[in-house]
Colleague: 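For reference, the structure I am asking about is given below.
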Amino acid sequence: VVAFTTLMDALCRAGRLHQARELLIEMRRNGCRPDGMTYNTLIHKYGDAGDISVVCELWEEMETEGCKPDVFTFTTLINALCTRGKVDDAFGVLDKMIKKGCVPNLHTYNSLIGGLIKSNRLEEAQKLLRVMYRKRCEATSFTYNLFLDHYVEEGQFNEAYQLFLQMKRNSITPDIVSYNICIEGLGKAGRVREAKDLFAEMRQLGFSPDVITYNMMIRCYGKAVKVDEAIQLFSEMMDNGCAP
RNA sequence: UGACUGUACUUCCACUAA
């Protein structure tokens with residue numbers, strides 16, 4: 001089963017959905033019973049592709065084979081709905097999930113918060129954050145990054161920065177993604193100086209800038225017509241073994 | 001008894017599919 005599932009995941013990632021689904025039939029023919037993970041893999045990709053009808057088919061196949069949908073299955077579906085802006089449907093799935101005795105975890109909440117934010121339902125997202133807290137499902141930097149990105153995208157850099165500080169106060173260490181998002185925001189706002197400071201700060205804290213960080217900084221300098229700095233960063237990036 | 005192998009959530013760009 002593991003070998004089949006691994007191959008199936010690879011096919012899915014390569015976008016060869018159809019072959020992945022054929023593989024499911026193939027493995028049954030070989031007397032190999034697909035398990036929950038196998039189905040989750042397929043459901044994930046079909047969900048991303050927005051092919052809800054196939055998702056439903058797979059879901060039924062799964063249940064008739066005696067595989068119970070688990071947190072992964074539900075969260076996968078919830079996430080697919082959330083990224084497509086169908087947040088209310090996602091909450092419907094959440095209800096079903098809970099009724100079936102399946103407990104939502106951090107990933108589930110993160111997906112929902114992401115969906116709410118994408119639909120500009122910020123207050124509800126914040127409300128959900130409090131629900132998480134009550135349920136002892138602690139938000140992580142991942143969760144905060146969803147909010148950070150939203151503020152940056154809206155050009156509300158002060159809000160983003162406040163949140164960034166708040167994270168630190170709540171002893172949630174910003175991760176490299178948090179820094180990348182903030183640097184992007186500063187760059188967009190033309191606040192080169194501060195972007196540079198943040199860039200320095202992250203390195204002091206032991207984060208190695210990644211391709212995205214460099215892209216952000218280079219774009220930031222480019223916008224500020226500081227071509228020399230941009231070029232210098234570019235070569236530094238290469239020196240650090242970071243391929244453009 | 002426990003650990004280990006395959007599946008889910010966030011940031012730039014490109015690619016692919018429609």
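These values consider heavy atoms only, across backbone and side chains, with no hydrogens, waters or symmetry-generated copies. Here is the naming used below: chain letters follow the sequence lines, and residue numbers restart at 1 for every chain. Since this is a predicted model, take the numbers as computed values, not measurements.
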Colleague: Given atom CG of Asp70(A) and atom C1' of rG6(B), what is their separation to the nearest angstrom?
Modeller: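 Checked: the CG to C1' distance equals 13 Å.
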Colleague: Just checking, any donor-acceptor pair under 3.5 angstrom between side chains of Asp51(A) and Ser53(A)?
Modeller: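 Side-chain D/A pair, Asp51(A) to Ser53(A): present.
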Colleague: Indicate for each nucleotide in nucleotides 8-18 of chain B, in 5' to 3' sequence, whether protein heavy atoms under 4.0 Å reach the base (B), only the sugar-phosphate (S), or nothing (-).
Modeller: BBBBBS-----
Colleague: Examine the base of rG6(B) for any acceptor or donor lying under 3.5 Å from a partner atom in the side chain of Thr6(A), and report the outcome as yes or no.
Modeller: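 For Thr6(A), whose side chain was compared with the base of rG6(B), there is no donor-acceptor pair (under 3.5 Å).
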Colleague: Could you tell me whether the side chains of Gln166(A) and Tyr144(A) share a donor-acceptor contact shorter than 3.5 Å?
Modeller: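 No, Tyr144(A) and Gln166(A) have no side-chain donor paired with an acceptor closer than 3.5 Å.
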Colleague: Select base, sugar-phosphate, or nothing to describe what Val1(A) touches, counting heavy atoms under 4.0 Å on all strands.
Modeller: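 The answer is base, as Val1(A) lies within the cut-off (heavy atoms under 4.0 Å) of a base atom.
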Colleague: Would you say the side chains of Glu65(A) and Tyr39(A) form a donor-acceptor pair under 3.5 Å?
Modeller: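 Per modelled atom types, Glu65(A) and Tyr39(A) side chains form a pair under 3.5 Å.
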Colleague: Parallel under 30°, tilted from 30 to 60°, perpendicular over 60°: which one fits the rings of Trp59(A) and Phe74(A)?
Modeller: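 It falls in the perpendicular class, over 60°.
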Colleague: Distance only, no hydrogens: is a donor on one side chain within 3.5 Å (strictly under) of an acceptor on the other, for Thr6(A) and Asp9(A)?
Modeller: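 Result is no, nothing qualifies.
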Colleague: Name the nucleic acid region contacted by Thr213(A), choosing base, sugar-phosphate or nothing; use a 4.0 angstrom heavy-atom cut-off, strictly under.
Modeller: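 Counting heavy atoms under 4.0 Å across all strands, no contact is made by Thr213(A).
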Colleague: Check this for me, if you would: do Asp88(A) and Arg121(A) make a salt bridge, where the nitrogen-to-carboxylate-oxygen distance has to be below 4.0 angstrom?
Modeller: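 Salt bridge between Asp88(A) and Arg121(A), a charged N being under 4.0 Å from a carboxylate O: yes.
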